[in-house]
Amino acid sequence: MPGVNRIKLLPDHVANQIAAGEVVERPASVVKELVENALDAQASRITVEIQAGGRSLIRVTDDGLGMSRDDALLCLERHATSKIRRAEDLASISTMGFRGEALPSIASVSRFTLTTREREVGVQPSGCTGEGNSLKAGLQPIEGTQIVVNGGKISEVKAAGSATGTSVEVRQLFFNLPARRKFLRTEETEAAHVLHYLTLAALAHPGVAFTFVKDTRTVWQLPGQKSGDEIAARLPAVRERLRALMGDTKLIEVDFSAPLENPPSRNDEEESFETALPAGTTDSGLRAQDSRLIVWGLMGAPGVSRGTREDQHVFVNRRPVENRGINFALMEGYHTALMKGRYPVCCLFLEIDPAAVDVNIHPAKREVKFHREAEVRKLVAQAVREALQAFHSKSGVQSPESGVGSSKLKVQSSKSGATDEAGEQIVKVGIPFDVKTEPEFSTPSLPEFPLPLKPKPEWPARQTETPSLQMGFSSFRPAPTLPGHAPRPTPPPSPGFGAASHAVPSPSSNLTPDAAHHAPTHTPTPLLSVPLRLVGVIGKLYVVLESDRGLVLLD
Ligand SMILES: Nc1ncnc2c1ncn2[C@@H]1O[C@H](COP(=O)(O)OP(=O)(O)O)[C@@H](O)[C@H]1O
Ligand SMILES: [Mg+2]
């Protein structure tokens with residue numbers, strides 16, 4: 001019908017429910033938004049409680065800045081935020097949130113109670129976002145505020161004698177959206193998602209004390225770790241947090257910094273609001289110089305691995321992220337130090353110019369895209385490699401670059417003609433290992449091993465005793481780790497490569513007796529003086545060689 005206006009503005013609570021479709025997917029997303037708010041409010045202690053996987057209750061309590069009554073009412077309005085004020089602020093965001101959407105969205109799809117009390121004047125007022133009206137006016141907040149909201153409608157506002165800080169209680173999530181509620185998974189699955197997010201938050205913020213209570217049972221109680229601005233001061237804090245979450249796992253430190261060859265232009269059109277921080281600063285407080293990539297954190301020592309990526313945690317500018325390139329880089333960096341089908345254990349923080357990475361490609365901001373993906377991937381692999389090398393040299397084992405090639409084991413390059421019919425490189429090993437080689441000797445870079453091994457028709461019969469050594473180490477593969485997160489008992493020591501060393505003779509200890517055992521009637525030619533073919537390198541620690549008399553594991 002002409003002349004009839006059909007367009008109407010949606011009521012706020014409907015608009016909020018629509019926004020909730022994006023922000024609130026499941027209990028874990030509510031926990032994420034509330035914990036991020038607590039972190040933004042400078043909380044030093046955060047308690048997360050859930051019941052029935054978060055379906056019946058989610059409560060997040062912090063000891064942060066708290067809110068005045070006016071602010072508490074305002075924070076339930078859409079696009080109400082204390083974190084930005086002007087469009088230009090979008091280019092210098094240093095908080096987890098800024099959209100002002102989470103609280104009204106969550107409140108529109110649950111039975112919601114906000115209880116808050118501002119930090120008293122004089123108690124750490126500096127560094128607060130400074131937006132609290134009463135703080136500004138220098139007034140002493142007398143009491144806290146409690147606001148009850150049901151499905152987006154405020155039903156009660158009253159004074160509350162609460163502790164300083166904020167507590168948000170979310171009951172019966174999606175009670176007014178049965179279709180959404182039906183899509184929730186089992187309590188265990190939803191609780192696992194909550195736990196997963198909390199693990200990441202706890203790792204990224206070791207200075208904050210986290211408590212996690214599930215169905216009235218305390219799952220975690222992690223004290224806040226003393227930390228600092230420097231990586232050296234932050235590493236022990238992360239290490240302690242990892243220990244609390246994963247048990248005693250052998251971890252090595254990563255502290256790597258390298259220039260990015262092609263620093264991105266700050267005017268890059270792809271620059272996203274979400275990642276844009278003040279030039280050269282990251283929200284972690286570290287200085288990521290524009291043209292550098294900093295990789296720091298902890299990663300499993302050789303032999304420490306998992307059957308899934310569950311303990312592989314990567315953060316970019318302190319946000320937990322998923323990125324296939326980084327996954328590959330980790331595998332590349334570990335190379336033979338990781339058995340086939342196994343995944344690294346790590347907690348790595350990448351600090352990079354925010355203009356060089358886009359985290360706005362995924363609604364939950366979990367996926368990131370680096371503008372120079374290949375370069376970042378290469379440097380992350382290098383960071384892992386260097387950490388492994390440093391570990392080897394520290395533990396007295398010479399790294400390929402420092403020792404194996406130059407003094408312990410000399411490898412004849414194919415240039416010198418030392419190849420067999422199959423075109424493989426032949427290694428001559430003697431005791432001591434520094435056999436004579438041609439002057440033009442060159443050591444191939446070990447990470448490029450294993451060299452392709454062509455099938456050998458006349459494989460010695462006893463070789464079947466240790467076939468897995470050269471074929472992916474399957475017989476040494478540890479039982480898969482059960483899925484699930486901390487707290488876990490101390491994991492059993494991974495069989496790792498130590499197990500492999502028991503399975504084959506070690507040249508330094510029992511090689512000759514072993515050779516004698518296998519070939520008692522043979523002429524007593526020392527095994528190490530027969531031609532040996534290089535099969536591969538395990539963990540940059542052991543060199544696997546084969547001869548027509550069997551396998552040799554060289555430490
Ligand atoms: N736990 C909290 N402590 C103090 N203030 C909070 C807390 N949670 C929310 N707020 C305030 O409410 C505002 C709105 O929160 P939210 O809807 O999550 O939007 P955003 O975090 O994007 O600003 C925040 O900007 C902040 O000022
Ligand atoms: Mg928020």
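For ligands, and for the atoms within them, numbers begin at 1 and follow the listed sequence. All residue numbers refer to positions in the sequence shown, counting from 1.
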Open item on the list: Check this for me - ligand 1, Gly100, N or O atoms closer than 3.5 angstrom, yes or no?
Closed with: yes
TODO: Examine the proximity of ligand 1 to Leu103 and report which part, side chain or backbone, both or neither, has a heavy atom under 4.0 Å away.
DONE: both
- [ ] Would you kindly specify which portion of Ala41 sits under 4.0 Å from ligand 1, judged on non-hydrogen atoms: side chain, backbone, both or neither?
- [x] side chain
- [ ] Using modelled atom types only, decide if a donor and an acceptor are shared between the side chain of Arg241 and the backbone of Ala202 within a distance under 3.5 Å.
- [x] yes
Task: Asp62 heavy atom under 4.0 Å from ligand 1 - done: yes
Open item on the list: Test your reading of the structure: does Asn37 have an N or O sitting under 3.5 Å from an N or O of ligand 1?
Closed with: yes
Task: Donor on one side chain, acceptor on other, Arg117 and Ser162, under 3.5 Å - done: no
Open item on the list: Strictly distance-based, threshold 3.5 Å: is any side-chain N or O of Arg181 a donor or acceptor partner for the main-chain N or O of Asn176?
Closed with: no
- [ ] Select one of side chain, backbone, both or neither to describe which atoms of Glu101 lie under 4.0 Å from any atom of ligand 1, heavy atoms only.
- [x] backbone
Open item on the list: Ala201: which residues meet the side chain to side chain contact (heavy atoms under 4.5 Å, CB included) condition with it, sequence neighbours left out?
Closed with: Val35, Tyr197, Phe210
- [ ] Return yes if some donor-acceptor pair links the side-chain N/O of Ser227 with the main-chain N/O of Gly207 below 3.5 Å, else return no.
- [x] no
Task: Validation row: Val30, Phe112 side chains within 4.5 angstrom (heavy atoms) - done: no
Open item on the list: Let me check your reading of the structure: within less than 2.8 Å of the Mg ion (ligand 2), is there an N/O/S atom from Thr81?
Closed with: no
Open item on the list: For Met67, state whether at least one heavy atom is located under 4.0 Å from any atom of ligand 1.
Closed with: yes
Open item on the list: Please confirm whether Gly64 approaches ligand 1 to less than 4.0 Å, judged on its heavy atoms.
Closed with: no
Open item on the list: Under 4.0 Å from a heavy atom of Thr81: which atoms of ligand 1 are those, numbered in the order shown and with their elements?
Closed with: 20 (P), 23 (O), 25 (O)
- [ ] Not counting sequence neighbours, which residues clear ring-ring contact (aromatic ring centres under 6.0 Å, His included) with Phe315? List them please.
- [x] Phe349
Task: Which of the ligand 1 atoms, numbered from 1, are nearer than 4.0 Å to a heavy atom of Ala102 - done: 17 (O), 18 (O)
Task: Side chain Asp215, main chain Ala52, donor-acceptor under 3.5 Å - done: yes
Task: Contacting atoms of ligand 1, where contact means under 4.0 angstrom from a heavy atom of Pro104 - done: 17 (O)
